[in-house]
Protein chains: 2
Amino acid sequence: MSDDLTEMLAPEEKPEEKKDVTDLLLHDILTGTLPAGTWLKQIDLERRYDCTRPEVRRALDRLSQRRLVQHNPNRGYQVYELDDQRTREISDIRVILETGVADRMIANVTPAAIAELRGLARHFDEMSFRGSIMEHYDANLAFHRALLMLAGNSELVEVVAEIRQRTVSAPVSQWRTRARIEQSAREHHLMVDALEARDLPELKRLIEIHIRQAPIKA
Amino acid sequence: MSDDLTEMLAPEEKPEEKKDVTDLLLHDILTGTLPAGTWLKQIDLERRYDCTRPEVRRALDRLSQRRLVQHNPNRGYQVYELDDQRTREISDIRVILETGVADRMIANVTPAAIAELRGLARHFDEMSFRGSIMEHYDANLAFHRALLMLAGNSELVEVVAEIRQRTVSAPVSQWRTRARIEQSAREHHLMVDALEARDLPELKRLIEIHIRQAPIKA
DNA sequence: GTAACCAGAATTGGTGCCAATTTACGATAA
DNA sequence: TTATCGTAAATTGGCACCAATTCTGGTTAC
């Protein structure tokens with residue numbers, strides 16, 4: 001594995017854009033552009049994202065607080081290497097939270113919400129074929145965010161988004177298999193179906209399957 | 001409300017101690033020493049905790065990431081003022097999570113764990129009478145941490161600890177009423193009882209009541 | 001008397017530099 | 001030839017200074 005970050009990906013230069021460095025770095029970690037274990041040298045990040053040293057430091061500190069990168073004092077930062085147990089634990093938390101509010105999602109669902117979710121699910125389908133890995137990832141995020149919003153608890157949406165960011169680095173690589181992507185796309189539509197039919201047990205079952213990335217048994 | 005932080009509390013000077021500034025500031029916010037809305041001027045914090053400017057800035061940035069302090073660009077940081085809706089939403093999340101793993105807690109419970117929990121519950125009782133507000137707060141934290149540990153999901157323990165920190169500033173002030181404190185202490189013991197009896201519905205009921213700080217109906 | 005405006009003070013936030021620690025490399029000795 | 005030690009390079013992390021923005025108080029105009 002190469003230690004030099006600059007050669008791994010040259011981000012397209014957009015002079016007018018002024019995004020936060022933390023988000024850029026986060027994205028590159030989540031999409032697997034910076035694989036687990038990579039050393040994040042401050043000098044490299046500075047050049048890579050065309051930003052200053054303090055910005056790099058703040059980004060690294062923030063991501064190490066979220067346990068996405070590991071901080072070795074006086075040695076440096078590296079992308080966190082997550083073990084299977086933590087992955088399973090985080091999935092468990094997500095299952096508990098998201099199935100736990102399934103009843104509220106059904107209670108609050110409206111035809112307009114159904115239409116919006118169908119649109120987002122289709123957008124995910126689209127991105128599966130034609131989009132980049134980032135657009136694909138974002139489309140998935142948008143769908144799940146909209147779905148959770150139905151529970152009427154905006155704090156929950158944030159918490160889940162935060163938790164999800166702790167474990168996607170591994171699954172995102174699994175996404176490279178076309179079969180898994182298409183299965184996810186199907187599951188999205190099935191979840192909307194269950195919502196529309198107000199079928200609580202089925203919705204819960206789908207959510208759990210979807211989070212655990214288990215083979216679907218329809 | 002005074003704007004000058006230095007006059008609010010003089011922390012005892014311990015020269016040999018070298019704790020993290022973030023923790024110190026966090027503690028002062030959670031215990032209500034720095035009430036909601038207080039402006040956290042960097043120069044004041046620098047003097048208050050006897051640390052450097054970068055340390056203060058890192059602490060403020062970290063706590064603003066956790067949404068414990070609000071960052072107004074070019075204006076400053078202030079202790080977050082949380083509204084009732086957010087408090088309710090956060091409580092909902094905690095109820096879902098902690099009742100969601102109640103079955104696992106019962107499944108994993110051992111006599112040794114029961115003994116440990118009883119000890120921690122008694123320690124909380126003790127601190128209610130003789131401890132400072134901080135010791136009291138820490139005793140409560142220790143009990144709930146040990147309780148959650150039974151679920152066998154260490155990631156969950158961290159997540160709950162994190163989201164708990166988003167809402168305690170208000171309840172901590174409610175703790176000043178002796179009645180509420182004694183009720184909390186009783187609930188701790190009742191939860192251990194339910195655990196020992198392996199009574200799942202009762203345990204769930206107690207957890208929900210305890211989190212929502214509702215009047216107990218035994 | 002009140003409102004708008006302008007100057008001075010204070011605070012935030014960014015930039016650059018330097019010390020401390022660690023790593024890598026090469027020389028020396030067994 | 002190999003292991004060990006020592007020096008040099010590189011990286012991290014802290015510190016001090018300075019620019020930019022905002023707030024405060026007083027003055028002027030209406």
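When reading the values below, keep in mind they use all heavy atoms of this one structure, side chains included, and skip hydrogens, waters and symmetry mates.
- B:Glu162 and A:Arg67 are not joined by a salt bridge, as no carboxylate oxygen comes within less than 4.0 angstrom of a charged side-chain nitrogen.
- Proximity of A:Arg75 to the phosphate of C:dT23: a side-chain N or O atom is located under 4.0 Å from OP1 or OP2.
- Using a 4.5 Å heavy-atom threshold, the side chains of B:Leu97 and A:Leu97 count as touching.
- Atoms OH (A:Tyr77) and C1' (D:dT11) sit 12 Å apart, rounded to a whole Å.
- A close approach under 4.0 Å does not occur between any side-chain nitrogen or oxygen of A:Thr52 and OP1 or OP2 of C:dG14.
- The distance from atom CG of A:Leu45 to atom P of D:dA10 is 18 Å, rounded to the nearest whole Å.
- At least one side-chain nitrogen or oxygen of A:His71 sits closer than 4.0 Å to the OP1 or OP2 atom of D:dG13.
- Looking at which nucleotide of DNA chain C each of A:Arg57 and A:Asn74 is closest to, the 5′-most match is held by A:Arg57.
- As a whole-Å value, the separation of B:Lys41 NZ from D:dT22 C1' is 13 Å.
- Donor-acceptor pairing under 3.5 Å, judged by distance alone, is absent between the side chain of B:Arg58 and the base of D:dG13.
- Following rounding to the nearest Å, A:Ile43 (CD1) and D:dA10 (P) show an atom-to-atom distance of 10 Å.
- Atom C1' of nucleotide C:dT12 and atom CD of B:Gln78 are separated by 15 Å, given to the nearest angstrom.
- Residue A:Gln42 contributes atom CD, which lies 16 Å from atom P of C:dT22 at whole-angstrom precision.
- Panel note: side chain B:Asn108, backbone B:Leu150; a donor-acceptor pair is recorded below 3.5 Å.
- Atom CG of A:Asn72 is separated from atom C1' of C:dT21 by 14 Å (rounded to the nearest Å).
- Side-chain contact check for B:Gln42 and B:Glu46: no donor-acceptor pair (N or O, by modelled atom type) lies under 3.5 Å.
- Between the base of D:dG13 and the side chain of A:Arg53 there is no donor-acceptor pair shorter than 3.5 Å.
- The distance from atom CD of A:Glu55 to atom P of C:dG16 is 12 Å, rounded to the nearest whole Å.
- Ion pairing between a basic and an acidic side chain is recognised when a charged N comes within 4.0 Å of a carboxylate O; B:Arg212 and B:Asp92 show such pairing.
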